[in-house]
Number of protein chains: 2
Amino acid sequence: MKIFATNLAKTASSSDVIFDALRDSIISGQIQAGESMRQAHIAELFNVSRIPVREALKRLEAQGLVQSLRYKGYVVSPLSHAEMEEIYEIRANLEPIVIEKSVANMSDETLEEAKEYCDSFSTEAEASKWGEWNRLFHETLYRDAERPYHLKLVGEAIDRVDSYLRAQLVLTNGMEIAIREHHGILEACLQRDGALAAKRTREHILGSYRVLIDYLGNQSK
Amino acid sequence: MKIFATNLAKTASSSDVIFDALRDSIISGQIQAGESMRQAHIAELFNVSRIPVREALKRLEAQGLVQSLRYKGYVVSPLSHAEMEEIYEIRANLEPIVIEKSVANMSDETLEEAKEYCDSFSTEAEASKWGEWNRLFHETLYRDAERPYHLKLVGEAIDRVDSYLRAQLVLTNGMEIAIREHHGILEACLQRDGALAAKRTREHILGSYRVLIDYLGNQSK
DNA sequence: ATAATTCAGATTGTATACAATATTCAATAT
DNA sequence: ATATTGAATATTGTATACAATCTGAATTAT
């Protein structure tokens with residue numbers, strides 16, 4: 001018997017809720033790398049048994065955000081400099097392709113929404129929210145690309161780095177540069193110049209990586 | 001309390017065994033897209049309860065190989081032409097980077113092993129094994145790159161396409177071309193010419209995509 | 001004092017059980 | 001004949017229970 005997926009909509013199960021909540025806690029930096037999480041402890045927090053907790057953790061593990069240490073609980077995966085470099089390299093190679101494709105189909109609504117996030121990022125006072133605005137800005141610009149697989153990969157890669165970045169509030173550095181670059185990317189999109197948007201996106205990603213490396217270098221002194 | 005991951009080795013649980021077995025069945029084409037799999041049915045096959053089965057399925061779902069249709073079982077995710085195109089685009093962009101880095105560190109043992117897989121691919125009579133040799137050949141050449149994150153992404157992308165390709169035995173087409181290109185890539189590696197290996201890898205991937213599209217085009221006539 | 005040993009408690013992986021909900025198919029109405 | 005309803009069945013998601021095994025600290029031996 002053959003069945004093809006049609007109605008993906010489904011009421012969220014506990015397992016899904018826990019997955020989302022844990023993921024948010026990790027990428028927002030509330031749970032830090034190396035912190036040990038017991039299944040029973042998480043189950044208590046959500047007032048459920050360990051069964052849905054385990055399923056959520058398996059999914060987080062498949063995504064690489066978390067790893068299991070048998071009899072020692074789950075931990076948020078530590079992020080090595082090497083892995084961070086890989087992730088920025090991947091982003092620098094994939095995101096320009098996505099934005100170029102997106103610009104070709106970009107609606108006016110998308111542009112407006114992106115502008116709002118860009119402004120929010122520029123004017124937001126509370127540092128803890130910068131990561132969110134930053135992400136919304138970029139995600140919005142990629143929306144019209146019709147490249148779901150690219151976006152899944154890039155999204156998970158960003159999750160991975162965000163889990164570390166936000167915990168450390170690294171974003172504080174290079175804010176002025178990031179704001180300027182965001183405006184540059186947005187401007188290219190408004191002019192419907194996909195190639196330029198792609199070029200600036202690539203430079204933006206490589207630039208943020210350099211800022212990050214610089215910060216980590218100073219940090220260790 | 002902080003705990004950092006050290007001993008990742010652990011005895012495989014039922015859940016792990018089931019995950020591996022299902023993944024193999026899917027990427028080898030034994031379970032085809034759209035085929036419905038009941039939790040209880042899988043549990044019977046492995047002589048276990050549904051609990052470890054569910055965990056394995058959640059992991060496969062996170063990887064995109066499978067999707068849940070509530071009350072209708074899990075199905076192997078159908079692969080659209082659009083998604084296939086995305087995957088080949090990603091591979092064409094990432095794998096050249098990996099092989100170039102790999103060639104820079106490539107050991108003689110790696111080269112020898114790759115040559116064996118290359119020969120096996122060329123001389124194998126049984127079509128069902130070509131996919132396996134092909135994959136081992138490429139994976140071996142990427143081994144010395146020290147790019148685990150790249151390899152994880154590329155590996156999962158290949159899983160996704162293999163699940164479809166092998167089921168259809170599409171590999172039959174363009175074999176002579178693939179063999180010639182494999183030799184070309186291997187030769188570039190033997191000459192320690194990373195840039196050339198990268199270029200040929202990219203062409204090889206784009207070429208296989210063209211063969212595939214061509215095949216699918218003829219198929220639908 | 002230090003090293004080895006032991007044992008209680010903690011933690012995990014999975015089987016079983018059960019309520020909630022969807023599906024299916026026969027019976028009925030149109 | 002086709003559409004609608006309803007009850008029996010099937011399927012899922014999760015709670016509970018339990019055996020296996022690890023950890024950690026007290027205890028013993030050196």
Side-chain angles (χ1 to χ4, degrees), chain A residues 1-23 25-26 31 34-77, chain B residues 1-23 25-26 31 34-77:
Chain A
M1 177 181 36
K2 296 249 179 174
I3 302 171
F4 279 89
T6 50
N7 66 335
L8 300 185
K10 52 181 178 186
T11 55
S13 61
S14 301
S15 162
D16 292 332
V17 172
I18 295 166
F19 173 82
D20 287 340
L22 285 180
R23 175 182 164 279
S25 299
I26 293 169
I31 307 176
E35 203 160 335
S36 159
M37 300 180 292
R38 257 59 216 252
Q39 296 176 7
H41 179 233
I42 299 168
E44 257 182 71
L45 285 177
F46 291 93
N47 257 13
V48 294
S49 78
R50 279 166 38 236
I51 301 290
V53 171
R54 286 175 56 82
E55 292 179 2
L57 287 170
K58 286 280 183 222
R59 290 171 58 190
L60 289 168
E61 192 176 21
Q63 190 175 334
L65 281 181
V66 127
Q67 55 196 81
S68 154
L69 274 61
R70 214 175 178 174
Y71 299 103
K72 289 197 159 189
Y74 276 76
V75 296
V76 175
S77 302
Chain B
M1 176 182 33
K2 296 249 180 177
I3 302 171
F4 279 89
T6 49
N7 66 333
L8 300 185
K10 54 182 174 184
T11 55
S13 61
S14 301
S15 162
D16 292 333
V17 172
I18 295 165
F19 173 82
D20 287 339
L22 285 180
R23 175 182 164 279
S25 300
I26 293 168
I31 307 176
E35 203 160 337
S36 158
M37 300 180 292
R38 258 56 217 251
Q39 296 177 8
H41 179 233
I42 299 169
E44 257 182 69
L45 285 177
F46 290 93
N47 257 11
V48 295
S49 79
R50 280 169 35 238
I51 302 292
V53 171
R54 285 176 56 81
E55 292 178 3
L57 287 170
K58 286 279 182 223
R59 289 171 58 190
L60 289 169
E61 193 175 21
Q63 190 177 332
L65 282 182
V66 126
Q67 56 195 83
S68 154
L69 273 62
R70 212 174 178 176
Y71 298 102
K72 290 197 160 190
Y74 277 77
V75 296
V76 175
S77 302

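So you know, we letter chains A, B, ... as the sequences are listed, proteins then strands, and number each from 1. The model shown is predicted, which means the values in this text are computed figures rather than measured ones.
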Phosphate-side-chain proximity, B:Ser14 and C:dT14, N/O vs OP1/OP2 below 4.0 Å: yes
On a heavy-atom basis, the closest approach of B:Val76 and B:Val66 is CA-CG2, 4.1 Å
At their closest point, which heavy atom of B:Glu61 faces which heavy atom of B:Ser68, and how far apart are they? OE2-N, 3.3 Å
Return the value, rounded to whole Å, for the distance between atom [atom1] of [X] and atom [atom2] of [N].
{"X": "B:Ile18", "N": "C:dT14", "atom1": "CD1", "atom2": "P", "value": "7 Å"}
{"X": "B:Gln39", "N": "C:dA15", "atom1": "CD", "atom2": "C1'", "value": "15 Å"}
{"X": "B:Arg38", "N": "C:dA22", "atom1": "CZ", "atom2": "P", "value": "15 Å"}
{"X": "A:Asn47", "N": "D:dA15", "atom1": "CG", "atom2": "P", "value": "9 Å"}
{"X": "A:Glu55", "N": "D:dT12", "atom1": "CD", "atom2": "P", "value": "12 Å"}
{"X": "B:Ile51", "N": "C:dT14", "atom1": "CD1", "atom2": "P", "value": "10 Å"}
{"X": "A:Leu57", "N": "C:dT11", "atom1": "CG", "atom2": "P", "value": "15 Å"}
{"X": "B:Arg70", "N": "D:dT14", "atom1": "CZ", "atom2": "P", "value": "7 Å"}

Among [options], the nucleotide that comes nearest once only the side chain of [X] is considered:
{"X": "A:Arg54", "options": "D:dG13, C:dT21, C:dG13", "answer": "C:dG13"}
{"X": "B:Ser13", "options": "D:dA15, C:dG13, C:dA15", "answer": "C:dG13"}
{"X": "B:Tyr71", "options": "D:dT11, C:dT14, C:dA15", "answer": "D:dT11"}

Salt bridge flag under 4.0 Å for residues A:Asp20 and A:Arg59: no
Tell me, with the steps shown, if A:Leu22 and A:Leu60 meet side chain to side chain contact (heavy atoms under 4.5 Å, CB included). CA-CA 8 Å; A:Leu22 285 180; A:Leu60 289 168; 3.6 Å; yes
